[in-house]
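Here is the structure we will look at.
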Amino acid sequence: MIFPEGDQNVNTDMRGLPITNSWKLLTALRFYGTGCNQLVNSDMFELSQPTVSRIIKDISLRIAKHLRIWVKFPQADQEEIIKRTFYEIARFPGVTMAMDCTHIPISSPGDENAEVFRNRKGWMSFNVQLIVGPDMEIYDVVARWPGSVHDSRIFQNSRALELIENR
């Protein structure tokens with residue numbers, strides 16, 4: 001950091017200073033995107049682990065609050081545009097969305113039901129389903145199933161299947 005010459009009372013360790021919203025968002029996105037634990041992120045950003053924990057909680061709650069605004073299925077009149085865009089990407093006709101599930105690592109919940117979170121690879125996780133459009137829009141997220149649950153069961157019990165069948 002650059003400080004005026006001769007200023008002997010400058011706080012150079014950044015403790016107690018506010019963290020900008022941009023920095024909070026970047027910290028949370030790095031945590032989400034890398035799967036690194038909070039301590040690794042705190043070391044990288046020179047923040048304490050409790051501060052990183054508070055940032056992740058704050059950003060997660062803000063995202064969840066606006067989820068229905070940002071995450072939604074397209075309108076029926078957009079279907080042909082979506083099919084054309086997907087076709088331009090992969091030359092695969094008739095595609096209106098892409099879906100997959102991924103395992104998000106968690107610590108063992110430690111109760112009598114903990115083993116339902118153990119996935120087929122032997123570690124604890126949530127199995128999260130994501131449905132997306134051709135321009136990286138998120139149409140649907142299901143993030144409530146334990147790691148032992150198969151992808152097809154998540155889809156069979158999702159709101160997405162109901163919406164697709166009723167169109």
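Every residue two or more places apart in sequence or in another chain that forms a side chain to side chain donor-acceptor pair (under 3.5 Å) with Ser48 is listed here: Thr51. Annotation: side chain to side chain donor-acceptor pair (under 3.5 Å) contacts of Asn157 (sequence neighbours excluded): none. Contacts of Ser60 classified as side chain to side chain donor-acceptor pair (under 3.5 Å), with partners at least two apart in sequence or in another chain: Tyr32. Partners of Ser152 according to the side chain to side chain donor-acceptor pair (under 3.5 Å) rule, which considers only residues two or more places apart in sequence or in another chain, are His150.
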Could you tabulate the donor-acceptor pairs under 3.5 Å formed by side-chain atoms of residues 62-69, not counting sequence neighbours?
unit_1, atom_1, unit_2, atom_2, d
Arg62, NE, Asp58, OD1, 3.0
Arg62, NE, Asp58, OD2, 3.1
His66, ND1, Arg62, O, 3.0

Less than 3.5 Å apart, which donor and acceptor atoms pair up between the side chains of residues 75-86 and the rest of the protein, not counting sequence neighbours?
unit_1, atom_1, unit_2, atom_2, d
Gln78, OE1, Gln75, N, 2.7
Glu79, OE2, Lys83, NZ, 3.2
Thr85, OG1, Ile81, O, 2.8

Which atom pairs, one a donor and one an acceptor, fall under 3.5 Å between side chains of residues 129-147 and the rest of the protein, sequence neighbours left out?
unit_1, atom_1, unit_2, atom_2, d
Gln129, OE1, Phe155, N, 3.4
Glu137, OE1, Asp135, N, 3.0
Asp140, OD1, Arg159, NH2, 3.4

Please set out all donor-acceptor pairs under 3.5 angstrom arising from side-chain atoms of residues 108-125, sequence neighbours excluded.
unit_1, atom_1, unit_2, atom_2, d
Ser108, OG, Gly110, N, 3.2
Asp111, OD1, Asn113, N, 3.0
Asp111, OD1, Ala114, N, 3.1
Glu115, OE1, Arg118, NE, 2.7
Glu115, OE2, Arg118, NH2, 3.1
Arg118, NH1, Gly122, O, 2.7
Asn119, OD1, Lys121, N, 2.8
Asn119, OD1, Gly122, N, 3.1
Asn119, OD1, Trp123, N, 3.3
Asn119, ND2, Trp123, O, 3.3
Asn119, ND2, Ser125, OG, 3.1
Ser125, OG, His103, ND1, 2.8

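Leu25 and Ile56 fall within a single hydrophobic cluster, where Ile, Leu, Val, Met, Phe, Trp and Tyr side chains are chained together by heavy-atom contacts under 4.5 Å. Put simply, Leu29 and Ile59 are part of the same group of oily side chains (I, L, V, M, F, W, Y) that touch within less than 4.5 Å, one to the next. The hydrophobic clustering, which links ILVMFWY residues whose side-chain heavy atoms are closer than 4.5 Å, places Met97 and Ile89 apart.
Taking Ile, Leu, Val, Met, Phe, Trp and Tyr as members and joining any whose side-chain heavy atoms lie under 4.5 Å apart, directly or through other members, Leu61 forms no hydrophobic cluster with any other residue.
A distance of 7.0 Å separates OG1 in Thr96 from CD1 in Ile164, rounded to the nearest 0.5 Å. The structure places CD1 of Ile55 at 5.0 Å from CG of Leu47, a figure rounded to the nearest 0.5 Å. Distance check, rounded to the nearest 0.5 Å: CZ of Phe73 to CG of Leu163 gives 5.5 Å. Here the straight-line distance linking atom CG of Asn127 with atom CD1 of Ile104 works out to 9.0 Å at 0.5 Å rounding.
Nearest heavy-atom pair across Trp23 and Ile19 is CD1-CG2, 3.6 Å.
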